[in-house]
Amino acid sequence: TVLETALLDMYTKCGSLEDARTIFQRMKNKDVVCWTALITACAQQGDAKEALELYKEMEAQGLQPDSPAYTSVLAACASLRDLSQGKAVHARILDSKTDIIDDILQNAIINMYARCGALEEATALFLRQRRRSSNSWNVIIAAYAQHGHPEQVLELYKGMALEGAEPDSITFTSILYAFNHAGVHKQGPVCFKAMQEDHGISPLPQHYNCMIDLLGRAGRLDEAEELINSLNYKPD
RNA sequence: UCGGGGCUAUCCAGG
């Protein structure tokens, strides 16, 4: 079972959901781990609906989901924007006899509310969260970025620094995305610079894209052009 | 004792 699950996961990572399913179907003893592996595979490869069905099937078989299982199921709810399912799953988690909510699961719960449009609920849970990792901040920053609230994104970014959490590439992708889409052009270049100089993160193509777009919209065409030209001299 | 599964952004694809 262990080897089969590892194989299933490998197929998933290679992008072959079909092969992953085949392995799963042929397995004799299906434990929570292999169910979770397949649920994750479905949720990530755009078949989130099937992920939820698998979850129900798993429970119907009397298997008790653990933290990773619930984390995957909530990721599926989030990608489907299915708030009622998400809430139902959340309720089950809270009903568990033992406390199974770890840091990752808590992030997944917050993300589910955020993606399903319940920003207030997500924010309340985030504020109450005890140990906030960089991923926790990324979840809430992405939420405000996508709902078009660049001011809050900036506040959260500052809050992150105050709390000593390190922003990463993903954090800055969300931040620059927020500024760009909301037409807030002043802070973008400041953050882009801080990303490199204060946090030692080298810009990825998505960061450059955001910046070039943002500078263009701001009418700072000379700076946009300068950035583009600087790219042409990079070894690649 | 050890071992297989879990959350976040952009783009792309799908719709």
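First the proteins, then the strands, lettered A, B, ... as listed; each starts at 1.
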Under 4.0 Å, counting only non-hydrogen atoms across every strand here, what does [X] touch: a base, just sugar-phosphate, or nothing?
{"X": "D102(A)", "value": "base"}
{"X": "V32(A)", "value": "base"}
{"X": "A69(A)", "value": "base"}
{"X": "T1(A)", "value": "base"}

Side chain to side chain contact (heavy atoms under 4.5 Å, CB included) partners for D168(A), two or more places apart:
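Testing D168(A) for side chain to side chain contact (heavy atoms under 4.5 Å, CB included), a comparison that skips the adjacent residues, returns N138(A), I170(A), T171(A).
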
So among V139(A), I140(A), N135(A), which one has a side-chain contact (heavy atoms from CB on, under 4.5 Å) with N111(A)?
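One option only clears the test, and that one is V139(A).
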
Whole angstrom value for the distance that separates [atom2] of [N] from [atom1] of [X]:
{"X": "M10(A)", "N": "G4(B)", "atom1": "CE", "atom2": "P", "value": "16 Å"}
{"X": "D66(A)", "N": "G5(B)", "atom1": "CG", "atom2": "P", "value": "12 Å"}
{"X": "D31(A)", "N": "G5(B)", "atom1": "CG", "atom2": "P", "value": "12 Å"}
{"X": "I93(A)", "N": "G6(B)", "atom1": "CD1", "atom2": "P", "value": "17 Å"}
{"X": "I23(A)", "N": "G4(B)", "atom1": "CD1", "atom2": "P", "value": "17 Å"}
{"X": "D47(A)", "N": "A13(B)", "atom1": "CG", "atom2": "C1'", "value": "14 Å"}

Check R21(A) with E18(A), please: is the shortest side-chain N to carboxylate O separation under 4.0 Å?
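Salt bridge between E18(A) and R21(A), a charged N being under 4.0 Å from a carboxylate O: yes.
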
So that I can tick it off, tell me whether E4(A) and R26(A) are bridged by a salt bridge, with the cut-off set at under 4.0 angstrom between side-chain N and carboxylate O.
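No, no charged N to carboxylate O under 4.0 Å.
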
Using the 3.5 Å cut-off, write out each protein N or O paired with an N or O of nucleotides 7-11 of chain B and the distance between them.
residue, atom, partner, partner atom, Å
C7(B), OP1, Q44(A), NE2, 3.1
C7(B), O2, N107(A), ND2, 2.9
C7(B), N3, N135(A), ND2, 2.7
C7(B), N4, N135(A), ND2, 2.6
U8(B), O2, N135(A), OD1, 3.1
U8(B), O2, N138(A), ND2, 2.9
U8(B), N3, N135(A), OD1, 2.8
A9(B), OP1, R115(A), NH1, 2.4
A9(B), O2', S174(A), OG, 3.3
U10(B), OP1, Q146(A), NE2, 2.1
U10(B), O2, Q206(A), OE1, 2.8

With a 3.5 Å cut-off and no angle check, do the side chains of S72(A) and Y55(A) form a donor-acceptor pair?
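No donor-acceptor contact under 3.5 Å links the two side chains.
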
Students often mix this up, so state it plainly: with edges at 30° and 60°, are the rings of F172(A) and Y157(A) parallel, tilted or perpendicular?
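If you compare the ring of F172(A) with that of Y157(A), the planes turn out perpendicular.
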
